[in-house]
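Treat the numbers as computed from the prediction; the structure is a model and nothing was measured.
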Amino acid sequence: MTQPVSPPRDSTGKVPSAAETPAWRAVLFRADVRTLSLFGVLAVLILIGGLTKPDQFLDTRNLQLVLTQASVIGVVTVGMTFVIISGGIDLSVGAIVALASVWATTVATQEYGFAGILFTAVLVGLGCGLVNGVLIAYGGMVPFIATLAMLASARGLALQITDGRTQIVTIDSVLDLGERDSYVLGIPPLVLVFAAVTVVGWLVLNRTTFGRRSVAVGGNAEAARLAGIDVRRQRLYLYLLSGLCCGIAAFLLIVLAGSGQNTNGNLYELDAIAAAIIGGTLLTGGRGTIVGSVLGVLIFTTITNIFALNNLQTDVQQIAKGAIIVAAVLVQRRTASTT
């Protein structure tokens, strides 16, 4: 007959209480398995890139390029994560980025310099987010339909503003942000902005009542309403937040490309949703993490970079992304069924 396993004791022979449990052990117990697995996937991709193209992939400039490319879609994904956690969806983020980028690079806007471009990009993003939020929260429209309408309208307006032409940025202070001379300790400014947005997003989601209300609305909107949460106002704020992230991303894209085009942000909505999903955000709402979403962005960006360095076709890359999304959803369902 086996003896029962006694609980661990300290040097005095006493069983430590929960409050006396070492901090590092508590952190390990709280560690999210999904997040750790995403780190593992990213590590494997880095290993593959290092083995297939060691001189090119592990080059400092290439790693800086990967992070820079991840910055634009990463900022959009932070906003998308909040929306999906609340049980919504935003199909218009790519079109909003395009509209904000072309509106901010018109000749009239560029006359106001750096501040004019940044202010216009953010203002356009907030304006589009406000329209989405009002239609969904107070107009009673389904998020899919409202944001789909915004997608079509924003793309059309962006095309009308540019007349199909590329608008070149002539403001040196904007263009200089994309130059290597502006790097801080080898880190591009765009990456620093992405990191700042990520940190703020994590703090808002995990350390504020706004984050808790967003999760509550996504988990059960009726229960949240009965608990005293203004569900409609919360949804309005969330789409404003998504629009703000799109405006910031549009400015980063202007710096990166040095121009504004009506084709900017193409399929950003799909990339942002996919990154959030593989990061652990439930499409039904009520659960999600900023860290997981950011890791999802880095995974997709790294895959794209590896495929480009190995001269693999785009269709194979899309198939690989699709397989990752399917696998992530299956893991989500399996995890949900066991909890």
What heavy-atom pair brings [X] and [Y] nearest, and what distance separates the two atoms?
X	Y	result
Phe114	Ile171	N-CG2, 3.9 Å
Val217	Gln234	CG2-CG, 4.1 Å
Gly280	Arg287	O-NE, 3.7 Å

(request) Flag the pair Val215 / Leu205 as yes when at least one side-chain heavy-atom distance between them is below 4.5 Å, and no otherwise. (result) yes
(message) Do Val200 and Val204 have side chains that approach each other closer than 4.5 Å (heavy atoms only, starting at C-beta)?
(response) yes
Say you draw a straight line from [atom1] of [X] to [atom2] of [Y]; how long is it, rounded to the nearest 0.5 Å?
X	Y	atom1	atom2	value
Arg235	Asp230	CZ	CG	10.5 Å
Met150	Leu99	CE	CG	8.5 Å
Leu45	Phe300	CG	CZ	10.5 Å
Leu38	Leu295	CG	CG	5.5 Å

For residues 77-87, tabulate all N or O donor-acceptor pairs below 3.5 Å that involve a side-chain atom, not counting sequence neighbours.
from  : atom 1 : to     : atom 2 : distance (Å)
Thr77 : OG1    : Ile73  : O      : 2.7
Thr81 : OG1    : Thr77  : O      : 2.7
Thr81 : OG1    : Ser293 : OG     : 2.8
Ser86 : OG     : Val83  : O      : 2.6

(message) So, using salt bridge (Lys or Arg N to Asp or Glu O under 4.0 Å) as the criterion, who are the partners of Glu222 when residues are at least two apart?
(response) Arg225
(request) Quick one: list whatever passes side-chain contact (heavy atoms from CB on, under 4.5 Å) with Gln69, sequence neighbours left out. (result) Leu65, Thr301
Looking at [X] and [Y], would you say the former's side chain and the latter's main chain have a donor-acceptor pair under 3.5 Å?
X	Y	answer
Asn305	Val66	no
Asn206	Trp202	yes
Ser182	Pro188	no
Gln64	Val191	no

Under 4.5 Å between side-chain heavy atoms, counting indirect links through other Ile/Leu/Val/Met/Phe/Trp/Tyr residues: same cluster for [X] and [Y] or not?
X	Y	value
Ile319	Val41	no
Leu118	Val102	no
Leu151	Leu157	no
Trp103	Leu159	no
Val184	Val193	yes

(message) Pair Asn62, Leu58 - check side chain to side chain contact (heavy atoms under 4.5 Å, CB included), show working.
(response) CA-CA 7 Å; Asn62 183 64; Leu58 297 178; over 6 Å; no
(message) Is it the case that the side chains of Ser71 and Thr68 hold a donor-acceptor pair, with the cut-off being a distance below 3.5 Å and no angle test?
(response) no
(request) For Ile303 and Ile306, run side chain to side chain contact (heavy atoms under 4.5 Å, CB included): C-alpha distance rounded to whole Å, both residues' side-chain angles, the deciding distance at 0.1 Å, then the answer. (result) CA-CA 5 Å; Ile303 289 175; Ile306 292 174; 5.9 Å; no
(request) Kindly write out the residues that satisfy side chain to side chain donor-acceptor pair (under 3.5 Å) with Thr170, not counting sequence neighbours, or none if the list is empty. (result) Gln110
(message) For Ser259, give me all partners under side chain to side chain donor-acceptor pair (under 3.5 Å), at least two apart in sequence or on another chain.
(response) none
(message) If you apply the rule side chain to side chain contact (heavy atoms under 4.5 Å, CB included), what do you find for Thr289 with Thr281, and how did you get there?
(response) CA-CA 6 Å; Thr289 67; Thr281 302; 5.6 Å; no
(message) Let's go through Thr106 and Gln167 carefully: what are the C-alpha distance in whole Å and the side-chain angles of both, what is the deciding distance for side chain to side chain donor-acceptor pair (under 3.5 Å) to 0.1 Å, and is it a yes or a no?
(response) CA-CA 7 Å; Thr106 60; Gln167 298 178 163; 5.7 Å; no
(request) Sorted by first residue and then second, give each salt bridge (Lys or Arg N to Asp or Glu O under 4.0 Å) pair with at least one member in residues 143-164; sequence neighbours left out. (result) Asp163-Arg165
(request) Please check if atom CZ in Arg61 has more than 12 non-hydrogen atoms from other residues, nucleotides or ligands closer than 6.0 Å. (result) no
(message) Apply the hydrophobic cluster definition, ILVMFWY joined by side-chain contacts under 4.5 Å directly or through others, and give me every member besides Ile48.
(response) Val44
(message) Other members of the hydrophobic cluster containing Ile168, with the 4.5 Å side-chain heavy-atom rule, please.
(response) none
(request) Keeping to residues at least two apart or across chains, list the ring pair (Phe, Tyr, Trp, His ring centres under 6.0 Å) pairs with something in residues 143-196. (result) none
Residues 119-141, side-chain donor-acceptor partners within the protein, below 3.5 Å, at least two apart:
from   : atom 1 : to     : atom 2 : distance (Å)
Thr120 : OG1    : Gly116 : O      : 2.7
Asn132 : ND2    : Ser92  : OG     : 3.1

Indicate every side-chain donor-acceptor pair of residues 238-255 with a distance under 3.5 Å to a residue at least two apart or in another chain.
from   : atom 1 : to    : atom 2 : distance (Å)
Tyr239 : OH     : Ile89 : N      : 3.3
Tyr239 : OH     : Ile89 : O      : 3.0
Ser242 : OG     : Asp90 : OD2    : 3.0

Can I get a per-line list of side-chain donor-acceptor pairs under 3.5 Å for residues 260-270, giving both atom names and the distance, sequence neighbours left out?
from   : atom 1 : to     : atom 2 : distance (Å)
Asn264 : ND2    : Ser101 : OG     : 3.1
Asn264 : ND2    : Gln261 : O      : 3.4
Glu269 : OE1    : Gly94  : N      : 3.4

(message) Under the criterion side chain to side chain contact (heavy atoms under 4.5 Å, CB included), I'd like the reasoning laid out for Thr302 against Phe57: C-alpha separation, chi angles, the key distance, then a yes or no.
(response) CA-CA 10 Å; Thr302 303; Phe57 180 80; 4.0 Å; yes
